[in-house]
Each structure stands twice: as structure tokens, then as C-alpha cells.
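Presented below is the structure to which this report refers.
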Amino acid sequence: MIATPVHVSSDEPLDARLSTRLANADALAAERGVALTPLRRQVYAAIVVSDRPIGAYDLLSALEPQRGRVPPTTVYRALDFLVEQGFVHRIESKNAFVACCDAGRPHQSQFLICDTCGATVEIAGSALAAPSAEASSAHGFEVHRQVVELSGLCAACRAHANGAPLS
Ligand SMILES: [Zn+2]
Ligand SMILES: [Zn+2]
């Protein structure tokens with residue numbers, strides 16, 4: 001299978017991050033023999049360019065300029081595919097989606113989520129997941145999926161709360 005060339009419509013900000021992520025997703029899809037259809041790509045691109053976790057309904061409005069009205073079920077199916085492939089993660093507490101920081105390498109999802117501005121950071125590695133894995137195996141329990149979401153204040157919001165001027 002041949003990876004399709006990176007195509008981004010002109011009204012999207014064509015930053016390096018987006019091209020890199022799309023190229024990576026194309027390569028992974030080709031390697032796995034799955035189809036990153038134009039809609040799946042557009043949904044993925046909309047999640048990558050969003051600087052906060054984005055919900056399905058915000059995705060629908062983000063897609064509207066390019067595709068007109070897309071049925072919600074179509075977007076949900078595209079999201080299921082992207083989550084299954086590890087290209088995006090679902091933030092359970094917000095029912096929203098973020099692009100994975102390291103798609104292609106299987107890992108547990110761990111997030112720091114700011115209560116004030118919504119900024120969400122994915123933490124690579126299994127530092128947070130390890131202790132709960134130990135505790136569950138002590139109960140003879142086999143974990144199939146683990147999502148770690150820590151909510152609090154991000155560095156920027158903490159600085160602002162402490163009276164520092166907004167940068
Ligand atoms: Zn990830
Ligand atoms: Zn914040």
C-alpha cells in the first residue's frame with residue numbers, strides 16, 4: 001500500500017506539527033494496511049490543530065467549512081478508528097479528544113488537565129501507571145485499559161493566580 005501525499009486544505013494552519021503528524025499517521029496506516037480516509041484525516045487534523053481537547057460537536061463545526069454537514073455518527077466512527085489506531089486519545093472526564101504525542105508506540109494514556117484553561121498535556125512513559133498496575137495484580141485483576149487523568153492548575157495558570165502578569 002502506498003501512503004497518500006500529505007494534503008491539507010488551504011484554510012487550515014499549515015504548521016510543521018500538523019504535517020509531521022499527518023505524515024506519521026499516513027505511514028502508520030499504510031504499514032498496518034488500514035485506510036486513513038479523507039474524513040478520518042480531516043478529523044485527525046482538526047484534533048491536532050486544536051490546542052485543547054476537542055469534543056465531537058466542536059469537531060462537527062470544525063469540519064463544516066470543508067465538508068458541509070457531516071452526520072454525527074460518521075464523525076463518531078472516524079473517532080473510533082483514530083482511538084483504535086492510537087492516533088488520538090479520549091479524555092474521559094471531558095468527553096473530548098487529543099492527538100497522541102507518540103502515535104505508533106503503544107502506551108498507557110496519562111494526562112495532566114488544567115481546570116482553568118483546559119490545557120492538556122500527555123505524559124509519556126508509564127511512571128504514573130506503574131503503581132496501580134502493581135495494586136491491581138495484587139488483586140489478581142488483569143487490566144485491559146487504564147486512563148490516568150490528573151486535574152489541577154497548569155504552570156501558566158498557577159503563575160497568573162500568584163499575581164504574575166499574563167505573558
Ligand atoms: Zn498517547
Ligand atoms: Zn491552565
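Here, residue 1 is the first one in the sequence, and each next residue gets the next number. Whatever order the structure lists ligands and atoms in, that order sets their numbers, starting from 1.
The closest side-chain donor-acceptor pair between His107 and Glu122 falls under 3.5 angstrom.
Qualifying side-chain contact (heavy atoms from CB on, under 4.5 Å) partners for Cys117, counting only residues two or more places apart in sequence or in other chains: Arg52, Cys114, Ala119, Cys154, Cys157. Scanning for side chain to side chain donor-acceptor pair (under 3.5 Å) contacts around Glu84 gives an empty result, with sequence neighbours left out.
Within His107, the N, O or S atom lying nearest to the Zn ion (ligand 1) carries the name NE2.
Atoms OH and CG, from Tyr44 and Leu18 in turn, are 8.5 Å apart once rounded to the nearest 0.5 Å. Atom OG in Ser151 sits 7.0 Å away from atom CD1 in Ile113 (nearest 0.5 Å). Here the straight-line distance linking atom OG1 of Thr73 with atom CG of Leu79 works out to 11.5 Å at 0.5 Å rounding.
Between the Ser50 side chain and the Ala46 main chain, no donor and acceptor come within less than 3.5 Å of each other.
Note on Cys101: not counted as a metal contact of the Zn ion (ligand 1), no N/O/S atom lying under 2.8 Å. Within the 2.8 Å limit, Glu122 places at least one N, O or S atom next to the Zn ion (ligand 1).
Annotation: side chain to side chain donor-acceptor pair (under 3.5 Å) contacts involving residues 91-104, sequence neighbours excluded, comprise Arg90-Glu92, Arg90-Asn95, Glu92-Arg145, Ser93-Glu149, Asp102-Arg105.
For the Zn ion (ligand 2), protein N, O or S atoms under 2.8 Å: 4 in total.
To the nearest 10 degrees, the Zn ion (ligand 1) sees SG of Cys100 and NE2 of His89 at an angle of 100°.
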